[in-house]
Amino acid sequence: MITETPISRLPVLTVPDRERRPNLYQEGACPFCPGAEEETPPEICREGDPWRIRLFPNKYPASQHHEVLVEDAQHDRGFDELSSEHAAAVMALAFDRYRHLRARSPFVTLFKNHGQLAGASIPHPHCQILGTAFAPARIAAETQAFADSTSCPLCASAGHPRIAQSTDFDWIAPIGSTMPWQQWII
């Protein structure tokens with residue numbers, strides 16, 4: 001459900017039903033493990049037989065277009081432990097679903113909550129793809145900044161503390177962080 005903040009009247013996504021999600025850090029068997037497929041909504045797709053990647057609608061959706069991508073059949077194998085071929089297949093499916101949802105929603109985000117402190121309720125490695133009826137205010141403002149700029153605002157990141165750099169990426173700690181320890185990969 002989309003509500004508005006009291007003063008600025010910016011849109012906010014609220015989903016009271018998501019509080020019913022199981023917290024597997026406290027109890028229960030994992031619905032993302034092989035053999036528990038009936039615990040999730042019907043699959044949109046899977047890769048492999050036996051499966052190694054699964055995609056299905058979120059059982060507790062935050063919007064009409066909310067999907068879960070289970071990255072691996074093994075409960076404790078993190079994304080960083082996948083083979084490069086497997087990781088590439090996960091990302092190819094994520095980008096495919098991003099494009100699919102983008103045709104149906106004005107804004108789509110791909111996100112991963114890793115661990116209980118990040119908000120994950122299921123420890124099995126997975127990410128989520130969420131399409132919403134609006135872009136968050138910060139994203140809308142950043143999109144407008146790119147549209148209004150005569151040069152790339154990210155390319156002007158030279159004044160920010162650099163954590164690391166490669167030929168493809170800059171990893172910085174932006175000076176105007178919106179939260180402690182914020183980092184950007186550009």
Side-chain angles (χ1 to χ4, degrees), residues 1-4 10-140 179 182-185:
M1 163 175 39
I2 299 172
T3 58
E4 294 179 338
L10 294 171
V12 176
L13 191 61
T14 58
V15 191
D17 289 345
R18 284 185 58 82
E19 66 189 29
R20 296 184 335 211
R21 294 178 304 159
N23 186 337
L24 296 188
Y25 288 95
Q26 296 173 357
E27 88 276 334
C30 180
F32 294 175
C33 281
E37 291 83 0
E38 71 283 348
E39 298 295 322
T40 65
E43 292 174 352
I44 296 169
C45 67
R46 74 166 50 194
E47 184 177 300
D49 187 22
W51 67 266
R52 67 179 190 154
I53 302 170
R54 292 182 68 225
L55 178 84
F56 46 86
N58 193 307
K59 192 172 183 177
Y60 303 95
S63 76
Q64 183 180 359
H65 305 290
H66 191 174
E67 300 175 353
V68 175
L69 195 162
V70 178
E71 301 162 1
D72 190 65
Q74 288 189 16
H75 182 81
D76 293 323
R77 184 175 4 202
F79 187 82
D80 61 322
E81 299 173 278
L82 301 179
S83 70
S84 57
E85 173 195 320
H86 188 148
V90 169
M91 294 312 300
L93 179 56
F95 291 138
D96 180 61
R97 295 310 296 175
Y98 174 90
R99 287 187 290 274
H100 176 81
L101 293 180
R102 186 62 179 92
R104 290 153 181 77
S105 298
F107 181 74
V108 178
T109 187
L110 170 68
F111 65 94
K112 180 178 184 71
N113 295 339
H114 180 73
Q116 190 173 15
L117 292 176
S121 60
I122 297 177
H124 197 119
H126 67 287
C127 58
Q128 299 180 56
I129 308 162
L130 175 67
T132 59
F134 65 92
R138 188 182 119 227
I139 300 297
M179 64 189 79
Q182 185 175 26
Q183 300 172 24
W184 289 4
I185 298 174

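Small disclaimer: the values here were computed from a predicted structure and weren't measured. One is the number of the first residue; the rest follow in order along the sequence.
In terms of the side chain to side chain contact (heavy atoms under 4.5 Å, CB included) criterion, residue partners of R77 (sequence neighbours excluded) are, by chain and number, D72, Q74, E81, L82. Taking the side-chain hydrogen bond (donor to acceptor under 3.5 Å, both in side chains) definition, one finds that Q64 meets it with nothing, sequence neighbours left out. Evaluation of the side chain to side chain contact (heavy atoms under 4.5 Å, CB included) rule for P34 yields E37, W51, A73 as partners, not counting sequence neighbours. Under the side chain to side chain contact (heavy atoms under 4.5 Å, CB included) criterion, E38 pairs with no residue, sequence neighbours left out. L110 meets the side chain to side chain contact (heavy atoms under 4.5 Å, CB included) test with M91, A94, C127, I129; sequence neighbours excluded. Residues passing the salt bridge (charged side-chain N to carboxylate O under 4.0 Å, His left out) test with E43, sequence neighbours excluded: R46, R54. F56 is linked by a ring-ring contact (aromatic ring centres under 6.0 Å, His included) to F32, counting only residues two or more places apart in sequence or in another chain.
For the atom pair CZ of R104 and OG of S63, the computed distance is 13.0 Å after rounding to the nearest 0.5 Å. The structure places CD1 of I44 at 4.5 Å from CG of L55, a figure rounded to the nearest 0.5 Å. Expressed to the nearest 0.5 Å, how far SG of C45 lies from CD1 of I53 amounts to 8.5 Å. Put simply, SG on C30 and NE2 on H124 are 5.5 Å apart, with the number rounded to the nearest 0.5 Å.
A heavy-atom distance below 4.5 Å is not found between the side chains of H66 and P57. In this structure the side chain of L69 reaches within 4.5 angstrom of the side chain of V90, judged on heavy atoms. You'll find the side chain of I122 reaches within 4.5 Å of the side chain of P31, heavy atoms only.
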For residues 131-140, run the donor-acceptor check on the side chains, cut-off 3.5 Å, and write out each pair with its distance to 0.1 Å, sequence neighbours left out.
unit_1	atom_1	unit_2	atom_2	d
T132	OG1	F134	O	2.7
R138	NE	E142	OE2	2.9

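Here salt bridge (charged side-chain N to carboxylate O under 4.0 Å, His left out) pairs that include residues 90-100, with residues two or more places apart or in two chains, are E67-R97. Identified under the salt bridge (charged side-chain N to carboxylate O under 4.0 Å, His left out) test for residues 111-136, with sequence neighbours left out: E71-K112.
Closest approach of N58 and P61 over heavy atoms only: O-CD, 3.4 Å.
Between the side chain of S83 and the backbone N or O of H86, at least one donor-acceptor pair lies under 3.5 Å.
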